[in-house]
Engineer: 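Before I ask anything, let me first share the structure, which is written out below as structure tokens.
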Amino acid sequence: MADLEKAFDEAGLTNTAVREYVTYWAELTGAERVEIVSAADDARLIQEALEAGELEPAGEGRYYSRSYEKDTARSEERTIVATSNPEDKGVYNNWRPSSEMKPLLEERMRGASIGKTMYVVPYLMAPPGSPLERYAAGVELTDTRTVVLHMIRMARVGVDHINHLHDQSSFVRAVHVTGDLENLGQGTPDDQRYFVTVADERTILHFGSSYGGNALLGKIAHGLRQAAYDGWASGKFLAEQFMLIGIKDKQTGRTYHICGGFPSASGKTNLAMMLAPDSLGDRYHVTFYGDDIAWLWIDPEDGKLYGMNPEYGVFGVAKDTNEITNPTALHSVDEGTHAIFTNIAYNENTQEVWWEGRTPEPPADITGWRDWRGHLIAERAAGDDAPWAHPNSRFTTTLDNVPNIAPDYNEPHGVPIDGIIFGGRTRDREPLIRAMHDLAEGVYDGLTLGAEATAAAEGVEGLLRYDPMSMRPFMSYPEGPYAAHWLKIIGEAKEQPIFAHVNWFQRGQDGHFLWPGYRENLRPLLWLMKLHNGEVTGRDTPVGIIPTEEELHLEGVDIAPEDLETILSINVPRWRQEMEHRQEHLEQFPNLPEEIWAAHRRVAAALEAEG
Ligand code: OXD
Ligand code: MN
């Protein structure tokens with residue numbers, strides 16, 4: 001091994017705890033050399049990756065990469081939360097004892113980086129100076145250059161973030177070793193991969209993938225699993241898979257902030273990047289803070305609830321992103337943004353990129369086009385209509401590239417939160433929006449959030465796949481204490497945020513969507529803020545307050561009167577059915593706070609009382 005001390009000194013890495021940690025893992029993995037990375041190294045690393053064929057140019061100042069074909073998504077079955085306390089076992093966290101998992105991971109990683117460079121990526125999952133900064137520092141060790149390039153886009157990266165730590169050892173130790181991707185038995189009974197968060201030791205050990213969701217350890221493993229655990233253990237904050245937006249009322253000068261959770265494929269990124277409809281654009285401006293993670297806490301000074309996006313970029317799903325669904329996302333990956341695409345279709349002659357839903361039809365002239373696996377489209381067998389891009393293909397870009405990025409996204413103190421919303425993809429029953437009466441009902445609603453099963457194998461029609469607060473894959477401690485922690489943190493807020501459930505996806509008998517969605521989704525959110533301000537009263541129902549037609553201000557919205565009536569009403573028999581499923585779902589969780597059960601009983605009784 002080359003001289004580590006020299007490498008640390010040259011990079012200005014002074015934190016002795018970090019130096020010890022890097023030394024330990026460099027020796028264990030057998031890495032040939034160590035390179036300490038800062039964001040300023042990006043251009044050089046890009047150049048190296050282009051020369052090595054890990055990236056290809058996708059026009060000017062934009063790049064394309066392909067991952068190994070069995071390594072294209074997060075693996076929930078192989079993801080584990082480990083601690084030394086068996087009471088940390090929950091329903092969804094896949095808990096295992098750390099005494100079992102740590103040796104296992106060390107065994108997998110031993111010698112696995114022989115001949116490779118170990119990149120040391122010091123990062124911060126917060127704007128610098130944030131009151132939660134002490135939970136935000138981490139150092140990812142990775143053997144893969146494209147992972148480094150993604151980390152530079154998704155987190156604030158540089159040695160300063162860890163040199164100046166108040167407590168030099170309070171950083172998350174995040175070790176990523178790719179392994180021999182072609183021999184890991186992905187998805188077979190002999191699967192060798194393990195993605196482990198040793199939460200009570202603030203250590204993340206991920207082996208067997210270089211796909212972003214498994215390999216960018218600042219994002220999901222630290223930003224969600226570890227941070228949720230830290231937030232609970234410290235009693236100080238919540239870390240949730242939430243988007244966060246601002247809505248500025250130009251007439252009053254006031255900006256509202258709304259965050260919220262949506263299970264996968266429920267349009268969270270599109271909502272987070274939404275623009276105001278043209279007819280409301282003179283008055284309202286929507287700003288983007290984040291599309292995937294929010295940390296929430298109470299400021300002891302003013303007692304208000306604050307939120308921030310700990311990430312520095314967007315790791316978005318490319319499929320179906322186009323001028324109508326999300327023009328903001330398209331601009332955030334324009335040429336010159338240094339965005340990186342993964343697993344979309346690529347034209348090696350023209351350096352163009354394409355994915356399903358980018359345009360209604362794929363490019364007519366297929367010359368030079370290769371699918372995400374790298375196979376020429378022109379050489380496909382007749383009738384082979386496999387997608388050109390992988391359904392989980394991604395774009396990665398920094399927040400500064402998002403055209404409507406909030407001007408204060410980098411402010412350390414975060415932004416005051418006015419509303420918390422949940423929404424799934426539900427074809428019937430769920431109205432356009434229903435506001436909750438109080439905190440307990442809000443948390444209850446979050447815990448019973450779900451999305452419809454998408455494939456027959458996944459579930460029964462009409463039955464949701466429950467995804468509490470959209471955190472099912474990221475839960476790190478048991479659901480009962482999780483609910484109690486929510487009640488505690490939000491309960492401490494001097495000004496309570498308003499909770500609501502939204503649904504853009506109700507369908508008619510013939511399958512058409514009843515609500516136009518996209519930019520029009522601003523209207524129900526404006527209604528929610530007016531309700532919160534006492535400017536409207538809505539109509540009370542057993543499952544929450546819903547807007548009247550007049551309160552929604554629908555001039556110019558293309559919607560049939562009967563469709564509008566459906567999305568602004570409650571189907572009581574369907575709701576009664578749903579309550580039985582909810583009961584079963586909640587019964588899985590030991591120690592659920594009595595307030596949650598009381599909210600459940602209240603809603604059930606109100607539904608029973610309806611004619
Ligand atoms: C996810 C992601 O997997 O944000 O949820 O990438
Ligand atoms: Mn996500």
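In this chain, numbering begins with 1 at the start of the sequence shown. Just so we're clear, the structure is a prediction, and the values are computed from it rather than from any experiment.
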Engineer: Taking Asp292 first and then Lys268, would you say they form a salt bridge - that is, a charged N and a carboxylate O separated by under 4.0 Å?
Structural biologist: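 Yes, Asp292 and Lys268 are salt-bridged.
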
Engineer: Against Ile293, only a single residue in Met243, Gln241, Lys219 fulfils side-chain contact (heavy atoms from CB on, under 4.5 Å); can you say which?
Structural biologist: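 Testing each of Met243, Gln241, Lys219 against Ile293, the sole residue satisfying side-chain contact (heavy atoms from CB on, under 4.5 Å) is Lys219.
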
Engineer: Any chance you could lay out the side-chain hydrogen bond (donor to acceptor under 3.5 Å, both in side chains) test for Asn392 and Thr72, step after step, and finish with the verdict?
Structural biologist: CA-CA 7 Å; Asn392 191 34; Thr72 54; 5.9 Å; no

Engineer: Before giving the answer on side-chain hydrogen bond (donor to acceptor under 3.5 Å, both in side chains), spell out for Asp88 and Tyr229 the whole-Å C-alpha distance, their side-chain angles and the decisive distance to 0.1 Å.
Structural biologist: CA-CA 10 Å; Asp88 287 342; Tyr229 192 91; 2.9 Å; yes

Engineer: Evaluate the side-chain proximity of Leu45 to Val148: yes if any heavy-atom separation is below 4.5 Å, no if none is.
Structural biologist: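 Touching, per the 4.5 Å side-chain cut-off.
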
Engineer: State whether the number of non-hydrogen atoms from other residues, nucleotides or ligands found under 6.0 Å of Tyr284 atom OH is greater than 12.
Structural biologist: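 Correct, the count exceeds 12.
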
Engineer: Could you pull out the closest heavy-atom pair between Glu240 and Leu224, with the gap in Å?
Structural biologist: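 Answer, listing the atom of Glu240 first, then Leu224: C-CD2, 3.3 Å.
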
Engineer: Taking all heavy atoms of Glu76 and all of Asn94, pick out the closest pair and write down the distance.
Structural biologist: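 Minimum heavy-atom separation between Glu76 and Asn94: O-ND2, 3.8 Å.
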
Engineer: Working to the nearest 0.5 angstrom, can you tell me the gap between Leu141 CG and Leu28 CG?
Structural biologist: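 It is 11.0 Å, given to the nearest 0.5 Å.
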
Engineer: If you measure from the Lys or Arg side-chain nitrogens to the Asp or Glu carboxylate oxygens, is any gap between Asp299 and Lys304 under 4.0 Å?
Structural biologist: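 Salt bridge: no.
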
Engineer: Using a strict threshold of under 4.0 Å (side-chain N to carboxylate O), is an ion pair present between Arg19 and Asp9?
Structural biologist: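 Yes.
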
Engineer: So Tyr92 and Phe589, would you call those rings parallel, tilted or perpendicular, with 30° and 60° as cut-offs?
Structural biologist: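 Answer is perpendicular, since the angle exceeds 60°.
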
Engineer: Do the side chains of Glu87 and Lys89 get close enough for a salt bridge, i.e. N-O under 4.0 angstrom?
Structural biologist: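 Here Glu87 does not pair with Lys89 in a salt bridge, since their nearest N and O are not under 4.0 Å apart.
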
Engineer: Verify ring pair (Phe, Tyr, Trp, His ring centres under 6.0 Å) between Tyr194 and His206, making sure each step is shown before the conclusion.
Structural biologist: CA-CA 6 Å; Tyr194 273 112; His206 279 208; over 10 Å; no

Engineer: Please work out whether the ring planes of Phe315 and Tyr211 are parallel, tilted or perpendicular, with thresholds of 30° and 60°.
Structural biologist: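 Because their plane-to-plane angle lies in the 30° to 60° range, the rings of Phe315 and Tyr211 count as tilted.
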
Engineer: Under the ring-ring contact (aromatic ring centres under 6.0 Å, His included) test against His257, which residue among Tyr289, Phe242, Tyr306 passes?
Structural biologist: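 Option passing the ring-ring contact (aromatic ring centres under 6.0 Å, His included) with His257: Tyr289.
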
Engineer: Taking atom types as modelled, find out whether Asn270 and Asn326 have a side-chain donor-acceptor pair closer than 3.5 angstrom.
Structural biologist: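 Yes, because at least one side-chain N or O of Asn270 sits under 3.5 Å from a partner of the opposite role on Asn326.
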
Engineer: Out of curiosity, Ile340 CD1 to Thr397 OG1, how far, rounded to the nearest 0.5 Å?
Structural biologist: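 Reported value, rounded in 0.5 Å steps: 9.5 Å.
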
Engineer: Just by distance, with hydrogens left out, do Trp25 and Tyr21 show a side-chain donor and acceptor under 3.5 Å apart?
Structural biologist: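 There is no such pair between these side chains.
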
Engineer: Can a donor-acceptor pair be found, under 3.5 Å and without considering hydrogens, that links the side chain of Glu140 to the backbone of Leu217?
Structural biologist: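 Here the side-chain-to-backbone pair exists.
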
Engineer: Within a 6.0 Å radius of atom CZ on Arg74, are there more than 12 heavy atoms belonging to other residues, nucleotides or ligands?
Structural biologist: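 Yes, enclosed.
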
Engineer: Given salt bridge (Lys or Arg N to Asp or Glu O under 4.0 Å), test Glu106 with Lys102 step by step and report yes or no.
Structural biologist: CA-CA 6 Å; Glu106 292 208 345; Lys102 274 194 329 192; over 6 Å; no

Engineer: Do the side chains of Arg225 and Asp230 get close enough for a salt bridge, i.e. N-O under 4.0 angstrom?
Structural biologist: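 No, no charged N to carboxylate O under 4.0 Å.
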
Engineer: Between the side chains of Lys488 and Glu492, is the shortest nitrogen-to-carboxylate-oxygen separation below 4.0 Å, so that they form an ion pair?
Structural biologist: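 A salt bridge is present here (some side-chain N lies under 4.0 Å from a carboxylate O).
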
Engineer: Start with the C-alpha gap between Asp249 and Arg254, add the side-chain angles, then the distance that decides, and say whether salt bridge (Lys or Arg N to Asp or Glu O under 4.0 Å) holds.
Structural biologist: CA-CA 5 Å; Asp249 181 341; Arg254 172 154 186 206; over 6 Å; no

Engineer: Classify the ring geometry between Tyr477 and His485 as parallel (under 30°), tilted (30 to 60°) or perpendicular (over 60°).
Structural biologist: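 The rings of Tyr477 and His485 stand perpendicular, inter-plane angle above 60°.
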
Engineer: Between Ser393 and Val317, does a side chain to side chain contact (heavy atoms under 4.5 Å, CB included) hold up when you go through it step by step?
Structural biologist: CA-CA 6 Å; Ser393 56; Val317 174; 6.0 Å; no

Engineer: Could you state the interatomic distance from CG (Leu522) to CE (Met529), rounded to the nearest 0.5 Å?
Structural biologist: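 Going from CG on Leu522 over to CE on Met529, the span is 10.5 Å.
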
Engineer: If you apply the rule side chain to side chain contact (heavy atoms under 4.5 Å, CB included), what do you find for Phe474 with Thr79, and how did you get there?
Structural biologist: CA-CA 9 Å; Phe474 315 112; Thr79 301; over 6 Å; no

Engineer: Is there a donor-acceptor pair closer than 3.5 Å between any side-chain N or O of Ser38 and the backbone N or O of Ala40?
Structural biologist: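 Pair absent, no side-chain N/O of Ser38 close to backbone of Ala40.
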
Engineer: Give a yes or no on whether the backbone of Met475 and the side-chain of Asn93 come within a donor-acceptor separation of less than 3.5 Å.
Structural biologist: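 Flag not set: sc Asn93 to bb Met475 has no pair under 3.5 Å.
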
Engineer: Tell me whether the NZ or CZ atom of Arg78 lies within the 45° cone about the ring axis of Phe195 and under 6.0 Å from its centre.
Structural biologist: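 No; the conditions do not both hold, so Arg78 does not lie above the ring face of Phe195.
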
Engineer: Are Arg173 and Phe171 in a cation-pi contact, defined as NZ or CZ under 6.0 Å from the six-membered ring centre and within 45° of the axis?
Structural biologist: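 Yes, Arg173 and Phe171 form such a contact.
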
Engineer: Kindly compute the distance separating CH2 (Trp297) from NE2 (His413), expressed to the nearest 0.5 Å.
Structural biologist: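 Rounded to the nearest 0.5 Å, the CH2-NE2 separation comes out at 9.0 Å.
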
Engineer: Work out which heavy atom in Asn410 is nearest to a heavy atom in Pro127; give both atom names and the distance.
Structural biologist: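 So the two residues come closest at O-CB, 3.3 Å.
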
Engineer: Just verifying a value: how many Å separate Asp418 CG and His532 NE2, rounded to the nearest 0.5 Å?
Structural biologist: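 If I round to the nearest 0.5 Å, the distance is 5.5 Å.
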
Engineer: Roughly how far, to the nearest 0.5 Å, is CE of Met125 from OH of Tyr312?
Structural biologist: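 Answer for the OH-CE pair, Tyr312 versus Met125, is 12.5 Å.
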
Engineer: Show the numbers, then the answer: is there a side chain to side chain contact (heavy atoms under 4.5 Å, CB included) between Ile36 and Val121?
Structural biologist: CA-CA 6 Å; Ile36 294 111; Val121 186; over 6 Å; no

Engineer: Glu495 and Leu305: side chain to side chain contact (heavy atoms under 4.5 Å, CB included), yes or no, with the steps?
Structural biologist: CA-CA 8 Å; Glu495 291 163 25; Leu305 177 66; over 6 Å; no

Engineer: Can you list everything that forms a ring-ring contact (aromatic ring centres under 6.0 Å, His included) with Tyr135? Sequence neighbours excluded, please.
Structural biologist: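 Residues passing ring-ring contact (aromatic ring centres under 6.0 Å, His included) with Tyr135: Phe237.
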
Engineer: Could you pull out the closest heavy-atom pair between Val402 and Ser332, with the gap in Å?
Structural biologist: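 Taking every non-hydrogen atom into account, CA-CB, 3.9 Å.
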
Engineer: Go through the steps to decide whether Asn533 and Tyr256 satisfy the test side-chain hydrogen bond (donor to acceptor under 3.5 Å, both in side chains), and finish with yes or no.
Structural biologist: CA-CA 11 Å; Asn533 289 344; Tyr256 300 98; 2.8 Å; yes

Engineer: Where is the tightest heavy-atom contact between Val147 and Ala215, given as atom of each residue plus distance?
Structural biologist: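 Minimum heavy-atom contact is CG1-O, 3.6 Å.
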
Engineer: In terms of side-chain geometry, is the basic nitrogen of Glu35 or Arg33 positioned less than 4.0 Å from the acidic oxygen of its partner?
Structural biologist: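 Looking at Arg33 together with Glu35, the answer is yes, because their closest N to O distance falls below 4.0 Å.
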
Engineer: Kindly give the heavy-atom pair with the smallest separation between Ala137 and Ile162, and that separation in Å.
Structural biologist: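 In this case the closest contact between Ala137 and Ile162 is CB-CG2, 4.4 Å.
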
Engineer: Could you go through Arg193 and Asp71, starting from their C-alpha distance and side-chain angles, then the distance that decides it, and tell me whether this counts as salt bridge (Lys or Arg N to Asp or Glu O under 4.0 Å)?
Structural biologist: CA-CA 11 Å; Arg193 300 169 301 162; Asp71 187 34; 5.1 Å; no

Engineer: Can you check side-chain hydrogen bond (donor to acceptor under 3.5 Å, both in side chains) on Asp320 and Thr325, steps first, answer last?
Structural biologist: CA-CA 7 Å; Asp320 291 330; Thr325 60; over 6 Å; no

